[in-house]
K.L.:
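Sharing a structure with you now.
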There are 2 protein chains.
Amino acid sequence: MPAETSQARRFGKTRAAQAQALLEDYAELIADLLACDGEARPTDIARRLGVSHATAIKTIGRLKREGLATSLPYRGVFLTPAGEALANKVRTRHRLVVAVLIAIGVPAEAAEQDAEGIEHHISPATLRAFSAFLKQYAGGAP
Amino acid sequence: MPAETSQARRFGKTRAAQAQALLEDYAELIADLLACDGEARPTDIARRLGVSHATAIKTIGRLKREGLATSLPYRGVFLTPAGEALANKVRTRHRLVVAVLIAIGVPAEAAEQDAEGIEHHISPATLRAFSAFLKQYAGGAP
DNA sequence: ACCAATATGTAGCCTGTGCTACAATTTGGT
DNA sequence: ACCAAATTGTAGCACAGGCTACATATTGGT
């Protein structure tokens with residue numbers, strides 16, 4: 001297997017991760033809105049994400065196509081069990097990334113900003129390492 | 001300033017970072033090829049990135065439009081000073097991210113893979129923190 | 001010198017994610 | 001009950017990045 005193959009595979013994975021990233025963000029936000037407000041309306045989603053409501057509605061359509069969300073016209077958006085699971089995974093991972101960045105010494109504001117982009121590229125192996133690191137760090141310097 | 005504004009701004013920044021990410025990858029790879037082989041041919045770039053040569057050529061066109069690269073037909077691609085500067089920045093940042101991940105305990109292979117996606121979302125503040133963390137880590141456990 | 005293989009470039013299409021503009025529905029105030 | 005405002009949905013466009021197919025140029029072997 002030539003050397004460039006592994007690099008190409010890495011780039012390909014990185015590209016594929018971007019496609020999933022938007023769905024993850026939407027799922028997390030919808031779960032957040034449902035928990036806080038009891039409903040997730042397209043307009044609120046759009047405002048929180050900084051996109052037009054038309055864009056939000058189209059992406060919600062993609063969530064529905066992929067079996068992550070359901071919605072009835074004029075009745076808000078809800079998550080399927082798969083969507084809930086994704087949202088939980090994303091939320092947990094997001095918090096972990098922020099915590100690790102802060103533990104390393106990144107200012108809180110930058111940690112929040114960067115985690116938004118970083119979190120979608122964290123593999124399970126890295127996630128485990130982050131978790132272990134946090135435990136050790138908390139034990140060493142409480 | 002309402003709470004959703006800052007979240008929207010974060011998402012917007014994250015989206016904008018994705019547009020820059022491809023250019024960064026190309027610049028880094030072109031610099032690498034120039035250093036190793038003395039030339040950077042579209043076909044090699046395409047193979048290393050795992051895309052078709054047509055895609056590579058189109059993206060090279062974008063690099064040229066943005067003043068990062070030059071090329072003459074059938075004569076390979078070269079970086080402008082701006083392109084070189086970008087490549088250097090990216091290479092340094094990439095190594096730093098990998099080093100930090102490994103220091104935290106991420107397996108080397110996962111560190112390489114994840115760094116590919118992570119590195120484009122590292123702000124200057126986080127970069128400084130990473131650098132400082134590495135120094136401290138090297139001092140504490142050599 | 002020539003022809004085949006390789007490399008490069010061009011054209012046209014698809015998908016995803018954005019947007020604006022317009023249409024339709026629901027909600028709320030009077 | 002009704003009209004205005006807000007919300008939701010739809011249509012059509014642009015751009016980026018991916019692809020295949022085809023056209024052109026260069027290189028190298030005989």
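For the numbers below, each heavy atom of this structure counts, side chains included, while hydrogens, waters and symmetry mates do not.
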K.L.:
Determine all donor-acceptor pairs shorter than 3.5 Å in which one atom belongs to a side chain in residues 61-77 of chain A; sequence neighbours excluded.
P.N.:
| residue | atom | partner | partner atom | Å |
| --- | --- | --- | --- | --- |
| A/R62 | NH2 | A/A19 | O | 3.2 |
| A/K64 | NZ | A/S71 | OG | 2.8 |

K.L.:
Whole angstroms only, please: what is the CG-C1' distance between B/D25 and D/dA16?
P.N.:
15 Å

K.L.:
Of all residues at least two apart in sequence or in a different chain, which pass the side chain to side chain contact (heavy atoms under 4.5 Å, CB included) check with B/R128?
P.N.:
B/P124, B/A125

K.L.:
Using a heavy-atom distance cut-off of less than 4.0 Å, which residues of residues 53-65 of chain B contact DNA chain C?
P.N.:
B/H53, B/A54, B/I57, B/K58

K.L.:
Kindly write out the residues that satisfy side chain to side chain contact (heavy atoms under 4.5 Å, CB included) with B/A46, not counting sequence neighbours, or none if the list is empty.
P.N.:
B/V51, B/H53, B/A56

K.L.:
Roughly, in whole Å, what's the span from CD in B/Q18 to C1' in D/dG18?
P.N.:
15 Å

K.L.:
Just the dot-bracket of DNA chain D, please: which string comes out with Watson-Crick or G-U pairs under 3.5 Å, [ ] for crossing, | for another strand?
P.N.:
||||||||||||||||||||||||||||||

K.L.:
Kindly compute the distance separating CG (B/L79) from CD (B/E28), expressed to the nearest 0.5 Å.
P.N.:
11.0 Å

K.L.:
If you find the nucleotide of DNA chain C closest to A/A19 and the one closest to B/R41, which residue's nucleotide is nearer the 5' end?
P.N.:
B/R41

K.L.:
Quick one: list whatever passes side chain to side chain donor-acceptor pair (under 3.5 Å) with A/H121, sequence neighbours left out.
P.N.:
none

K.L.:
Atom CZ of B/F11 to atom P of C/dG18: distance rounded to whole Å?
P.N.:
11 Å

K.L.:
May I have the distance from A/L33 (atom CG) to D/dT7 (atom P), rounded to whole angstrom?
P.N.:
14 Å

K.L.:
Check the phosphate of D/dG17 against A/R15, side-chain N and O only, distance under 4.0 Å to OP1 or OP2. Yes or no?
P.N.:
no

K.L.:
Rounded off to whole Å, could you give me the CG-to-P distance for the B/D37 and C/dA7 pair?
P.N.:
13 Å

K.L.:
Quick test: give all pairs of protein nitrogen or oxygen and nucleotides 25-28 of chain D nitrogen or oxygen below 3.5 Å, distance rounded to 0.1 Å.
P.N.:
| residue | atom | partner | partner atom | Å |
| --- | --- | --- | --- | --- |
| D/dA25 | O4' | B/Y74 | OH | 2.9 |

K.L.:
Mind checking what makes side chain to side chain donor-acceptor pair (under 3.5 Å) contact with B/D44, not counting sequence neighbours?
P.N.:
B/R41, B/R47

K.L.:
What is the distance from CG of A/L49 to C1' of C/dG18, rounded to the nearest Å?
P.N.:
12 Å

K.L.:
Of all residues at least two apart in sequence or in a different chain, which pass the side chain to side chain contact (heavy atoms under 4.5 Å, CB included) check with A/Q20?
P.N.:
A/L23, A/E24, A/L86

K.L.:
To the nearest Å, how far apart are B/L23 CG and D/dC15 C1'?
P.N.:
14 Å

K.L.:
Taking only residues at least two apart or on different chains, which pairs with a member in residues 76-88 of chain B satisfy side-chain hydrogen bond (donor to acceptor under 3.5 Å, both in side chains)?
P.N.:
B/N88-B/R91

K.L.:
Quick one: list whatever passes side chain to side chain contact (heavy atoms under 4.5 Å, CB included) with B/A103, sequence neighbours left out.
P.N.:
B/F133, B/L134, B/Y137

K.L.:
Could you state the atom-to-atom distance from CD1 of B/I45 to C1' of C/dT8 in whole Å?
P.N.:
12 Å

K.L.:
In terms of side-chain heavy atoms of A/P42, which of D/dT20, D/dG18, D/dT8 is nearest?
P.N.:
D/dT8

K.L.:
Residues in side chain to side chain donor-acceptor pair (under 3.5 Å) with A/R10, at least two apart?
P.N.:
B/E116

K.L.:
Quick one: pull up CD in A/Q7 and CZ in A/F11 and give me the separation to the nearest 0.5 Å.
P.N.:
5.0 Å

K.L.:
Report yes if at least one side-chain N or O of A/T43 is closer than 4.0 Å to OP1 or OP2 of D/dT7; otherwise report no.
P.N.:
no

K.L.:
In Å, rounded to the nearest 0.5 Å, how long is the span from CD1 of B/I30 to CD1 of B/I60?
P.N.:
5.5 Å

